[in-house]
Amino acid sequence: MSKITITSDRAPRAIGPYSQAVKAGDLVFCSGQIPIDPATGELVAGGIEEQTAQVIKNLTEVLSAAGASWSDVVKTTIYLTDLADFAIVNQVYGAAVGGVLPARATVQVAALPKGAAVEIEAVAHLSR
């Protein structure tokens, strides 16, 4: 099975030695996105709601570059620096994913890159 690197100029560039996503067969593995504005390279202003919305936008762009959308996502992992933000993240996330909801894990972590409060990674299945 071949692996193809997926990149989007409409999402933040990787801040380390990894790809925004990798397509392997009919699966797309999206690296975790943090709330970086791709235009500025900086974290978005605001709280957890704004940060989560930016993460969703970033993942949407990476998925699109792979020929996928949220309806193709089968699994996500959400990393939070504070589980007290769980309800707000659920609200923003739920509005984005719709349809058949992906399997998901949510975990609290000590810290995230660049001081972000949330990071989300995704796996999508391309059935077309």
Side-chain angles (χ1 to χ4, degrees):
M1 173 184 331
S2 65
K3 296 189 308 184
I4 301 169
T5 299
I6 305 296
T7 58
S8 171
D9 292 335
R10 297 175 57 113
R13 290 182 298 149
I15 58 175
Y18 61 89
S19 301
Q20 288 175 330
V22 173
K23 182 178 174 190
D26 58 357
L27 295 175
V28 177
F29 298 88
C30 297
S31 293
Q33 288 288 319
I34 59 174
I36 294 178
D37 179 337
T40 66
E42 301 296 326
L43 285 179
V44 295
I48 191 65
E49 187 171 353
E50 292 81 7
Q51 286 198 22
T52 305
Q54 185 64 51
V55 168
I56 296 293
K57 286 179 192 175
N58 293 345
L59 273 172
T60 299
E61 294 299 342
V62 174
L63 287 164
S64 178
S69 69
W70 280 99
S71 65
D72 300 307
V73 174
V74 295
K75 172 74 167 82
T76 60
T77 304
I78 299 175
Y79 304 93
L80 297 173
T81 57
D82 187 347
L83 278 177
D85 293 331
F86 188 77
I88 295 169
V89 171
N90 265 343
Q91 185 177 27
V92 177
Y93 173 91
V97 297
V100 175
L101 299 174
R104 184 182 92 181
T106 303
V107 296
Q108 181 171 315
V109 295
L112 291 168
K114 297 195 173 257
V118 59
E119 178 175 351
I120 303 175
E121 65 181 16
V123 178
H125 177 255
L126 300 173
S127 57
R128 5 187 196 323

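Start at 1 with the first residue, then count along the sequence. Computed from heavy atoms alone, side chains included, the values below leave out hydrogens, waters and symmetry copies.
- Criterion: ILVMFWY side-chain heavy atoms under 4.5 Å apart, direct or through other members. Under it, Val118 and Phe86 are part of a common hydrophobic cluster.
- If you chain together hydrophobic residues whose side chains sit under 4.5 Å apart, Tyr18 and Val55 never meet in one group.
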task: Check the pair Asp72, His125 against side-chain contact (heavy atoms from CB on, under 4.5 Å), reporting the backbone distance first and the verdict last.
output: CA-CA 5 Å; Asp72 300 307; His125 177 255; 5.7 Å; no

| message | Does Leu126 form a side-chain contact (heavy atoms from CB on, under 4.5 Å) with Lys23? I'd like the steps, not just the answer. | response | CA-CA 10 Å; Leu126 300 173; Lys23 182 178 174 190; 3.6 Å; yes

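- With contacts defined as side-chain heavy-atom distances shorter than 4.5 Å, the pair Pro102/Val74 does not qualify.
- The backbone N or O of Ser19 sits less than 3.5 Å from a side-chain atom of Ser31, completing a donor-acceptor pair.
- Side-chain contact between Ile4 and Val22 is absent, with no heavy atoms from C-beta onward closer than 4.5 Å.
- Remark: side-chain polar atoms of Glu119 are not paired, donor with acceptor, to backbone N or O of Thr77 under 3.5 angstrom.
- Rounding to the nearest 0.5 Å gives a distance of 6.0 Å between OG1 of Thr52 and CD1 of Ile120.
- Under the 4.5 Å side-chain heavy-atom criterion for grouping Ile, Leu, Val, Met, Phe, Trp and Tyr, Leu80 is connected to Val97 within one hydrophobic cluster.
- Within the 3.5 Å criterion, the main-chain N or O of Ile34 finds a donor-acceptor partner in the side chain of Asn58.
- Taking CD of Glu42 as the start and CD1 of Ile36 as the end, the distance is 8.0 Å to the nearest 0.5 Å.
- With a 4.5 Å cut-off on side-chain heavy atoms, Val92 and Glu49 count as touching.
- Atom OH of residue Tyr93 and atom CD1 of residue Ile56 lie 7.5 Å apart, to the nearest 0.5 angstrom.
- Atoms CD and OG1, on Glu61 and Thr7 in that order, are 12.0 Å from each other to the nearest 0.5 Å.
- To the nearest 0.5 Å, atoms CG (Leu59) and OG1 (Thr76) are separated by 9.0 Å.
- Judged purely by atom type and a 3.5 angstrom limit, Gln51 uses its side chain to pair as donor or acceptor with the backbone of Ala117.
- Tyr79 and Ile48 sit in two unconnected hydrophobic clusters of ILVMFWY residues. Membership requires side-chain heavy atoms under 4.5 Å apart, directly or through other members.
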Verify side-chain contact (heavy atoms from CB on, under 4.5 Å) between Val109 and Val107, making sure each step is shown before the conclusion. CA-CA 6 Å; Val109 295; Val107 296; 4.3 Å; yes

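- Leu63 and Phe29 fall into different hydrophobic clusters, where Ile, Leu, Val, Met, Phe, Trp and Tyr are joined by side-chain heavy atoms under 4.5 Å apart, directly or via other members.
- Proximity of Pro38 to Arg10: side-chain heavy atoms (C-beta onward) are nowhere separated by under 4.5 Å.
- Here the NZ atom belonging to Lys75 is positioned 9.5 Å from the CZ atom belonging to Arg104, to the nearest 0.5 angstrom.
- With hydrogens and angles disregarded, a donor-acceptor distance shorter than 3.5 Å links the side chain of Gln20 to the backbone of Ser8.
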